[in-house]
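Notes follow once the structure below has been shown.
Only this structure's heavy atoms are used, side chains among them; waters, hydrogens and symmetry mates stay out.
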Amino acid sequence: MTKQNLLDCHQRITPLVHNTAVLTSRLIDKEIGAQVFFKCENFQRAGAYKIRGATNAILQLSEEQKKNGVVTHSSGNFAQALSLAAQSVGVTAHIVMPNTAPEVKKVGVREYGGNIYECEPTVEARQAMADEIATKTRATFVHPSNDNDVILGQGTAALELLQKQPDLDFIFCPVGGGGLIAGSSLAVKYFGENCKVYGAEPFEADDAYRSLLSGKIESNETINTIADGLKTMLGDKNFPIIKELVTGIVRITEDEIVESMKLVWERMKIIIEPSSAVTVAAVIKQAKESPEVFQNKKIGIVISGGNVDLSKLPF
């Protein structure tokens with residue numbers, strides 16, 4: 001995937017997605033000992049960055065494929081994103097969701113016109129049901145993270161961040177299925193200046209951390225985390241990009257996720273979901289453990305989303 005591919009993707013999706021705000025916090029800067037720039041995809045359409053990849057994937061379909069619709073499996077954010085992107089261009093969306101998905105995300109899918117099919121909360125069950133729907137309806141399967149068009153779309157958030165703040169020393173992203181960090185890494189490769197990419201994930205779903213160590217895709221041994229968007233695995237399209245371009249991945253405890261979520265809500269007055277808080281926690285953790293690394297540096301954080309079930313807050 002080339003620099004031109006990423007620029008073309010950005011131009012293609014611009015009419016249908018928001019160029020979200022980049023916010024700062026003087027108090028958080030002081031705590032980190034660096035300048036931190038938050039790319040706020042919690043303000044994005046459907047409440048998360050995933051509308052970028054979903055929109056790009058749908059716009060790349062043929063007219064025949066658009067008539068037959070699309071199908072995906074997702075715990076929530078990509079489910080909402082694909083539903084909204086499909087609705088925007090008049091395409092039917094079939095959405096497989098685990099029965100444990102937050103109700104707020106199911107409501108969002110329905111509001112955006114997606115047809116929900118519930119399944120057991122395993123990767124195998126999700127894929128099996130999606131395959132069955134694709135066979136019956138001839139809908140095109142769009143993977144939430146392991147799809148080149150999706151990866152390019154997700155990378156446009158970091159591209160916009162770098163266009164606004166080209167001298168970043170670091171960019172931090174959450175890691176679930178790997179689409180966001182792979183796309184962000186491509187954006188940094190083509191538009192960054194000596195910028196390093198780090199991922200963040202919970203100890204309870206640390207497959208990407210272990211995958212970088214072993215050099216092959218590892219599966220999650222547990223998924224007992226409040227960061228529901230980060231329970232999925234890397235794929236064969238995004239892992240090679242991650243392996244080549246990501247400097248490292250920081251693992252975070254559940255308590256650290258909650259504390260960082262509270263910090264952003266209280267200090268910045270914005271709503272972020274646990275999957276976004278993982279990334280904030282990673283920067284805070286690194287700053288405490290190795291303060292000299294961040295001293296007087298500029299750090300970009302992709303706030304991936306703000307879809308929170310307010311009836312089930314972890315604090």
Side-chain angles (χ1 to χ4, degrees), residues 1 5-6 8-10 12-13 16-17 41 44-98 101 105-106 108-119 123-157 176-183 186 229-239 241 304-305 307:
M1 287 181 276
N5 290 152
L6 188 56
D8 289 346
C9 169
H10 190 236
R12 187 181 302 121
I13 69 173
L16 293 171
V17 305
E41 290 292 290
Q44 187 54 264
R45 295 185 74 201
Y49 73 93
K50 293 196 174 185
I51 190 70
R52 296 173 177 273
T55 299
N56 191 45
I58 284 181
L59 291 178
Q60 294 289 73
L61 297 178
S62 68
E63 289 308 310
E64 183 66 24
Q65 287 174 315
K66 288 176 182 176
K67 287 177 186 174
N68 292 326
V70 289
V71 59
T72 195
H73 54 69
S74 165
S75 65
N77 279 347
F78 194 77
Q80 293 178 90
L82 195 69
S83 299
L84 179 56
Q87 186 184 66
S88 298
V89 294
V91 171
T92 300
H94 304 283
I95 311 294
V96 176
M97 300 185 76
K105 295 186 178 182
K106 294 177 186 175
V109 170
R110 294 188 191 102
E111 286 179 350
Y112 300 138
N115 302 310
I116 295 177
Y117 307 77
E118 293 197 19
C119 68
V123 173
E124 296 77 15
R126 286 160 61 148
Q127 190 63 58
M129 186 170 283
D131 290 343
E132 183 182 337
I133 293 164
T135 301
K136 285 181 180 176
T137 64
R138 298 177 62 207
T140 299
F141 177 69
V142 181
H143 195 282
S145 54
N146 196 45
D147 177 291
N148 287 338
D149 289 326
V150 171
I151 291 167
L152 284 169
Q154 316 307 30
T156 60
L180 176 62
I181 195 168
L186 290 172
L230 306 185
K231 295 179 179 181
T232 47
M233 290 170 50
L234 304 179
D236 61 352
K237 290 183 174 65
N238 58 50
F239 181 55
I241 301 169
S304 53
N307 292 316

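- Summarising the geometry of Tyr117 relative to Met129, their closest heavy-atom pair is CB-SD, 3.6 Å, with the distance given to 0.1 Å.
- The heavy-atom pair separating Ser74 from Ala79 by the smallest distance is OG-N, 3.0 Å.
- With values rounded to the nearest 0.5 angstrom, Gln127 atom CD is found 4.5 Å from Asp131 atom CG.
- With contacts defined as side-chain heavy-atom distances shorter than 4.5 Å, the pair Arg52/Gln44 qualifies.
- Looking only at side-chain heavy atoms (C-beta outward), Val142 and Phe78 come within less than 4.5 Å of each other.
- Between Glu111 and Gln87, the closest heavy-atom pair is O-NE2, 3.9 Å.
- Note that the CD1 atom of Ile13 and the CG atom of Asp149 stand 11.0 Å from one another [nearest 0.5 Å].
- A salt bridge links Glu132 to Lys136: at least one charged side-chain nitrogen sits closer than 4.0 Å to a carboxylate oxygen.
- What you find for Ala48 and Asn307 is that their closest heavy atoms are CB-ND2, 4.1 Å.
- Looking at Leu61 and Val70, their side chains come closer than 4.5 Å, going by heavy atoms from C-beta outward.
- With hydrogens and angles disregarded, a donor-acceptor distance shorter than 3.5 Å links the side chain of Asn146 to the backbone of Asn238.
- Ile58 has its side chain within reach of Leu82: a pair of non-hydrogen atoms, C-beta onward, lies under 4.5 Å apart.
- When every heavy atom of His94 is checked against every heavy atom of Ala139, the shortest pair comes out as CD2-CB, 4.0 Å.
- Side-chain contact check for His143 versus Lys237: every heavy-atom pair is 4.5 Å or farther apart.
- With rounding to the nearest 0.5 Å, the separation of OG in Ser88 from OH in Tyr112 is 9.5 Å.
- The structure places OG1 of Thr92 at 13.0 Å from NZ of Lys67, a figure rounded to the nearest 0.5 Å.
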List the steps and the verdict of side-chain contact (heavy atoms from CB on, under 4.5 Å) for Lys66 and Val89. CA-CA 9 Å; Lys66 288 176 182 176; Val89 294; 5.5 Å; no
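- Contact check for Thr137 versus Val71: no side-chain heavy atoms found under the 4.5 Å cut-off.
- Proximity of Cys119 to His73: side-chain heavy atoms (C-beta onward) are nowhere separated by under 4.5 Å.
- For Arg138, the CZ atom is loosely surrounded, since the number of other residues' heavy atoms within 6.0 Å does not exceed 12.
- Of all heavy-atom pairs spanning Leu6 and Gly155, the tightest one is CD1-C, 4.2 Å.
- Proximity of a side-chain donor or acceptor of Ser145 to a complementary backbone N or O of Gly179 within less than 3.5 Å is not detected.
- Separation of atoms CD1 (Ile151) and CE (Met1) is listed at 4.5 Å; rounding is to 0.5 Å.
- Between Pro144 and Thr232, the closest side-chain pair of non-hydrogen atoms is not below 4.5 Å.
- Remark: side-chain polar atoms of Arg45 are paired, donor with acceptor, to backbone N or O of Leu16 under 3.5 angstrom.
- Side-chain contact, Asn56 with Gln60: no donor N or O sits under 3.5 Å from an acceptor N or O.
- Expressed to the nearest 0.5 Å, how far CD1 of Ile116 lies from NZ of Lys106 amounts to 7.0 Å.
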